[in-house]
S.K.: 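Please find one structure pasted underneath; my questions will follow.
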Amino acid sequence: MSLTLYNTASRKKEIFEPLTPGKVGLYVCGVTVYDLCHIGHARSAIVFDVLVRYLRDRGFEVTYVRNFTDVDDKIIDRAAQLGKETHAVAREYIEDFYADMDRIRVLPADQEPRATEYIPQMIRMIERLLERGFAYAAEKDVYYAVEAFKEYGRLSGRNLEDMRAGSRIAVDSRKRHPMDFTLWKGAKPGEPQWPSPWGPGRPGWHLECSVMSNHFLGPTFDIHGGGRDLLFPHHENERAQSMAANGGRFARYWVHNGFVTVESEKMSKSLGNFLTIRDALDQYHSEVLRLFLLSKHYRSPLDFSQKDVLNLQSGLIRIYRTLERLEAILGPPGPPAVSHQDAFIQDFVQLMDDDLNTAGGIGLIFEKIREMNRIMDAGAMDETVLNPLRQDRSHLLWAGNILGLLQEPPAAFFGQMTGGTPGPDTPEIQRLVEERTEARARKDWTRADEIRDQLKGMGVVLEDGPQGTTWRLDV
RNA sequence: GGCGGCAUAGCCAAGAGGCUAAGGCAGCGGUCUGCAAAACCGUUAUUCACCGGUUCGAAUCCGGUUGCCGCCUCCA
């Protein structure tokens, strides 16, 4: 079995074979830090987080690079708006990014370079492009000459002729071709700037990724990822620059995740449906969010609707109830020990090998949950039952680990689901439960039901079992 | 105008030539229970937008139609 990934460049699934056996170089376009991250960023981050977790589980040594764009027009605008320095704005949003990623359990990348740390290297790359005839200076700006790069448009499947005809932007008269893009942008007064052979200015957007991927992964590396929207022009331009300046093939596999809409509409500030990660986390547990974002194939568009998220939440609660039940029987789990002979593991791997079919994997998890509940319902609890159960739980948690799910002890999960606060006062609940138990003992069903209703009003649900009555906060 | 994607049960969603079309949510019936809750069992698509074609055989491949959506300008 081998991992296949859909390669945007070839428009088909390909067997993944790294450049160096056993090692994977992965570069993912991170965020431009001019605002809080939204759930679209979360999806991208989670998709590549799962890819990295899976590659590592499969034994690859992964070098994961994810950048920050910390100099850009939008940051400059935002800084002006807030009356702050651009670097201060960038720094604050980088901190927010880390806080958000932490909460949705996206592991840090191995390298997280910032554009502003690589200005001298960017200038050198521009000089190289000028020397090789792929760029030209116009006053204080430098442009990339797309016509000089034969393969321009190949990655995104377009050609210069069509784009010239359909171009909707007012063309800068200094450009030789309408699609030529900025490598270096002369600074206006008050803008962040760095000295350069063309005067003070700042780099164009695409350049940083070319420089930083080359710095950490070399001129040819395995996987380049990002949101679908980055395919053009960003990735096309990155590729054009990198191949022209560094030689090499640049990225061998291009992986793009699909977009997130909110209640069927594209997220935008003007529509007021810009859903930040932290707003989403105010409403949903981070694992609910994660499960939801992984419940559809990563390449498909995903609509974030409250109804659908709540559906998944019900499913996750069922999983955790089963985990809670298992813990009562088996005690807390140790570190996952996995048998690759196991059918569940094999099925899960097969699904993940198929271009990361996380939705299929989640289906498998639910099947396993049902099977385990069935076993526990059957009652007999000798070692011939407990051992397989223990193993199944281990496998379940292993799969959860790859998806970044089922990471909480069940009690903690339910605690968080109910708001994290103790809620109604426990001694009072216990007193009522006891009173009800006495009422039930003398078959005073009216009183018993009265108490149950009273507790229900307090958000407490009772479960009468053979071992007596237990209660839990409603979620 | 150019390029690309998607249409699977009430809702969400796997499946991409051939065993009974995964799974979740919701609903209904049942087991359990004093009644519930939870869990489990059963049930809910003779059919995969529509029309043709290829094939012994198609949600799955090809052509067309309709309807959504994305990119082509900053965007994860």
Side-chain angles (χ1 to χ4, degrees), chain A residues 8 11 13 28-32 34-35 37-48 72-74 77 153 156-159 161-170 179 205 225-234 236 256-261 264-269 291-292 295-297 299-303 305 307-319 321-322 324-325 347 351 354 357-378 440 443-446 448-449 452-453 456 461-466 469-472 474:
Chain A
T8 314
R11 271 148 272 258
K13 284 185 200 172
V28 177
C29 290
V31 294
T32 300
Y34 72 103
D35 205 341
C37 288
H38 53 64
I39 52 173
H41 297 110
R43 184 186 197 190
S44 183
I46 287 172
V47 164
F48 291 103
D72 163 274
D73 288 350
K74 293 191 294 296
D77 291 348
S156 55
R158 32 197 111 206
N159 61 66
E161 283 65 42
D162 291 345
M163 289 190 285
R164 190 201 290 266
S167 180
R168 288 193 292 174
I169 44 164
M179 295 315 294
W205 173 36
R228 196 76 177 75
D229 56 311
L230 295 178
L231 178 58
F232 189 87
H234 186 236
E236 190 71 55
H256 291 101
N257 64 278
F259 252 47
V260 180
T261 53
S264 305
E265 282 183 319
K266 181 171 173 172
M267 257 189 289
S268 74
K269 296 241 166 118
L291 179 66
F292 179 75
S295 69
K296 197 169 178 187
H297 187 88
R299 271 188 287 122
S300 305
L302 173 68
D303 186 46
S305 87
K307 175 175 68 60
D308 297 338
V309 179
L310 255 17
N311 280 351
L312 265 301
Q313 175 174 286
S314 302
L316 188 65
I317 288 170
R318 184 157 73 90
I319 293 174
R321 265 207 254 282
T322 305
E324 191 173 47
R325 214 177 153 188
D347 290 348
L351 286 162
D354 183 14
N357 187 353
T358 53
I362 289 167
L364 228 47
I365 288 175
F366 277 110
E367 284 177 25
K368 183 56 82 180
I369 288 295
R370 182 152 34 87
E371 187 189 320
M372 294 172 99
N373 274 317
R374 200 157 34 204
I375 291 168
M376 288 187 282
D377 278 358
R440 292 182 72 220
K443 301 204 190 299
D444 181 355
W445 309 127
T446 314
D449 291 351
R452 187 167 60 198
D453 288 346
K456 188 158 202 253
V461 179
L462 298 182
E463 293 180 3
D464 300 327
T469 300
T470 57
W471 64 272
R472 59 182 167 83
D474 200 8

S.K.: Atom NE2 of A:H234 to atom C1' of B:C74: distance rounded to whole Å?
M.R.: 12 Å
S.K.: What distance separates A:S295 OG from A:L312 CG, expressed to the nearest 0.5 Å?
M.R.: 4.5 Å
S.K.: When the nearest nucleotide of RNA chain B is assigned to A:K266 and to A:F259 on a heavy-atom basis, which residue is associated with the more 5' position?
M.R.: A:K266
S.K.: Figure out the CZ/C1' separation between A:R472 and B:A38, and round it to whole Å.
M.R.: 7 Å
S.K.: May I ask you to verify whether the side chain of A:D303 and the base of B:C12 hold a donor-acceptor pair under 3.5 Å?
M.R.: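 Not at all, since no donor on one side and acceptor on the other fall under 3.5 Å apart.
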S.K.: Test of understanding: with salt bridge (Lys or Arg N to Asp or Glu O under 4.0 Å), list the residues that count as partners of A:D303, not counting sequence neighbours.
M.R.: none
S.K.: List the residues meeting side-chain hydrogen bond (donor to acceptor under 3.5 Å, both in side chains) with A:R370, not counting sequence neighbours, and say none if there are none.
M.R.: none
S.K.: Name the closest nucleotide to the A:E463 side chain, picking from B:C41, B:A37, B:A39.
M.R.: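 Minimum distance to the A:E463 side chain belongs to B:A37.
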S.K.: Indicate whether OP1 or OP2 belonging to B:C75 is found under 4.0 Å from a side-chain N or O atom of A:W205.
M.R.: yes
S.K.: Can you tell me how far C1' of B:A14 sits from CG of A:L291, to the nearest Å?
M.R.: 14 Å
S.K.: With sequence neighbours excluded, what pairs up with A:D72 under the side-chain hydrogen bond (donor to acceptor under 3.5 Å, both in side chains) test?
M.R.: none
S.K.: Hey, is the side chain of A:D449 pairing donor to acceptor with the base of B:G34 inside 3.5 Å?
M.R.: yes
S.K.: Without decimals, in angstroms, what is the distance between A:D453 CG and B:G34 P?
M.R.: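 Taking atom P of B:G34 as the reference, CG of A:D453 is at 18 Å.
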S.K.: Considering only NZ, NE, NH1 and NH2 on the basic side and carboxylate oxygens on the acidic side, decide whether A:D453 and A:K456 come within less than 4.0 Å.
M.R.: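 No.
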S.K.: What interatomic distance, in whole Å, is found between P of B:G52 and the corresponding atom of B:C11?
M.R.: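 About 26 Å, rounded to a whole number of Å.
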S.K.: Run the side-chain hydrogen bond (donor to acceptor under 3.5 Å, both in side chains) test against A:E463 and tell me which residues pass, sequence neighbours left out.
M.R.: A:R472
S.K.: Among B:A13, B:A76, B:C40, which nucleotide has an atom closest to any side-chain atom of A:T32?
M.R.: B:A76
S.K.: Can you tell me which stems RNA chain B forms when a stem means 3 or more consecutive Watson-Crick or G-U pairs under 3.5 Å?
M.R.: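 Expected stems, ordered by start: B:1-7 with B:66-72, B:10-12 with B:23-25, B:27-31 with B:39-43, B:49-53 with B:61-65.
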S.K.: What distance, rounded to whole Å, do you find between the two P atoms, one in B:U44 and one in B:G23?
M.R.: 13 Å
S.K.: Rounding to the closest angstrom, what is the interatomic distance between B:U31 and B:A21 at atom P?
M.R.: 29 Å
S.K.: For a quick check, with a 4.0 angstrom heavy-atom cut-off, what is the B/S/- contact string for nucleotides 22-27 of chain B, read 5' to 3'?
M.R.: BSBS--
S.K.: For the P atoms, the ones on B:U33 and on B:C28, what distance do you get once it is rounded to whole angstrom?
M.R.: 22 Å
S.K.: Base of B:A59 relative to its sugar, syn (within 90° of 0) or anti?
M.R.: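 Syn, which is what one calls it when the glycosidic angle falls within 90° of 0.
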S.K.: Got a donor-acceptor pair under 3.5 Å from the side chain of A:R228 to the base of B:C71?
M.R.: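 Check fails, no donor-acceptor contact within cut-off.
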S.K.: Taking atom P of B:G4 as reference, at what distance in whole Å does atom CG of A:L230 sit?
M.R.: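 The distance from CG of A:L230 to P of B:G4 comes to 20 Å, rounded to the nearest Å.
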S.K.: If you find the nucleotide of RNA chain B closest to A:R440 and the one closest to A:G227, which residue's nucleotide is nearer the 5' end?
M.R.: A:R440
S.K.: Who are the ring-ring contact (aromatic ring centres under 6.0 Å, His included) partners of A:F292, not counting sequence neighbours?
M.R.: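 For A:F292 the ring-ring contact (aromatic ring centres under 6.0 Å, His included) partners, ignoring immediate neighbours, are A:F304.
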S.K.: Quote, to the nearest angstrom, the C1' distance that separates B:C56 from B:A14.
M.R.: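 To the nearest whole Å, 28 Å.
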S.K.: Using the C1' atom as the point on both nucleotides, what is the distance between B:A26 and B:C69, in whole Å?
M.R.: 27 Å
S.K.: Heavy-atom distance under 4.5 Å between the side chains of A:F366 and A:K368, does that happen here?
M.R.: no
S.K.: Can you tabulate the close N/O pairs, meaning under 3.5 Å, that link protein atoms to atoms of nucleotides 15-21 of chain B?
M.R.:
{"residue": "B:G15", "atom": "OP1", "partner": "A:N357", "partner atom": "ND2", "Å": "3.1"}

S.K.: Any side-chain heavy atom of A:M376 within less than 4.5 Å of one from A:T322?
M.R.: yes
S.K.: For B:A76, does the base pair up with any side-chain atom of A:R43 as donor and acceptor (N or O, under 3.5 Å, distance only)?
M.R.: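 Result: no qualifying N/O pair found.
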S.K.: Measure the distance from NE2 on A:H38 to P on B:C74 and round it to the nearest whole Å.
M.R.: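 Rounded to the whole Å, the gap is 16 Å.
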S.K.: Counting only distance, no hydrogens or angles, is the base of B:G5 paired donor-acceptor with the side chain of A:R299 under 3.5 Å?
M.R.: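 When only heavy-atom distances are counted, A:R299 does not reach the base of B:G5 through any donor-acceptor pair under 3.5 Å.
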S.K.: Checking A:R299 now: which residues fulfil salt bridge (Lys or Arg N to Asp or Glu O under 4.0 Å) with it, not counting sequence neighbours?
M.R.: A:D355
S.K.: Check whether any side-chain nitrogen or oxygen of A:K296 sits under 4.0 Å from OP1 or OP2 of B:A13, and answer yes or no.
M.R.: yes
S.K.: Among B:C41, B:G2, B:A76, find the nucleotide with the atom closest to the side chain of A:N257.
M.R.: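 When the side chain of A:N257 is considered, B:A76 is the closest of B:C41, B:G2, B:A76.
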S.K.: Within the 4.0 Å heavy-atom criterion, would you say A:D308 contacts the bases, only the backbone, or no part of the nucleic acid?
M.R.: sugar-phosphate
S.K.: Any base atoms under 4.0 Å from A:G40, or only sugar-phosphate, or nothing? Heavy atoms, all strands.
M.R.: base
S.K.: How far, in whole Å, is B:A13 from B:C6 if one measures between their C1' atoms?
M.R.: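 Roughly 14 Å separates the two C1' atoms.
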S.K.: For a 4.5 angstrom cut-off between non-hydrogen side-chain atoms, does A:V260 reach A:H38?
M.R.: no
S.K.: Just to verify, what does A:H297 make a ring-ring contact (aromatic ring centres under 6.0 Å, His included) with, not counting sequence neighbours?
M.R.: none
S.K.: Measuring from the side chain of A:N373 (C-beta onward, heavy atoms only), which nucleotide among B:C40, B:U73, B:G34 has the closest atom?
M.R.: B:C40
S.K.: Send over the distance from A:H256 NE2 to B:C75 P, rounded to a whole Å.
M.R.: 12 Å
S.K.: CG/A:N311 to CG/A:L316 distance, rounded to the nearest 0.5 angstrom?
M.R.: 13.0 Å
S.K.: Pick base, sugar-phosphate or nothing for A:V260, based on heavy-atom distances below 4.0 Å to the nucleic acid.
M.R.: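 The answer is base, as A:V260 lies within the cut-off (heavy atoms under 4.0 Å) of a base atom.
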S.K.: Taking only residues two or more places apart in sequence, or in another chain, which ones meet A:K266 in a side-chain hydrogen bond (donor to acceptor under 3.5 Å, both in side chains)?
M.R.: none
S.K.: Just to be sure I understand the rule, does A:G30 reach a base, reach only the sugar-phosphate, or reach nothing, if contact means heavy atoms closer than 4.0 Å?
M.R.: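 The residue A:G30 makes sugar-phosphate contact but no base contact.
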S.K.: Expressed in angstrom and rounded to an integer, what is the separation of A:L302 atom CG from B:A13 atom P?
M.R.: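 So the two atoms are 7 Å apart, to the nearest Å.
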S.K.: What distance, rounded to whole Å, do you find between the two P atoms, one in B:A7 and one in B:C61?
M.R.: 11 Å
S.K.: So, using side-chain contact (heavy atoms from CB on, under 4.5 Å) as the criterion, who are the partners of A:S314 when residues are at least two apart?
M.R.: none
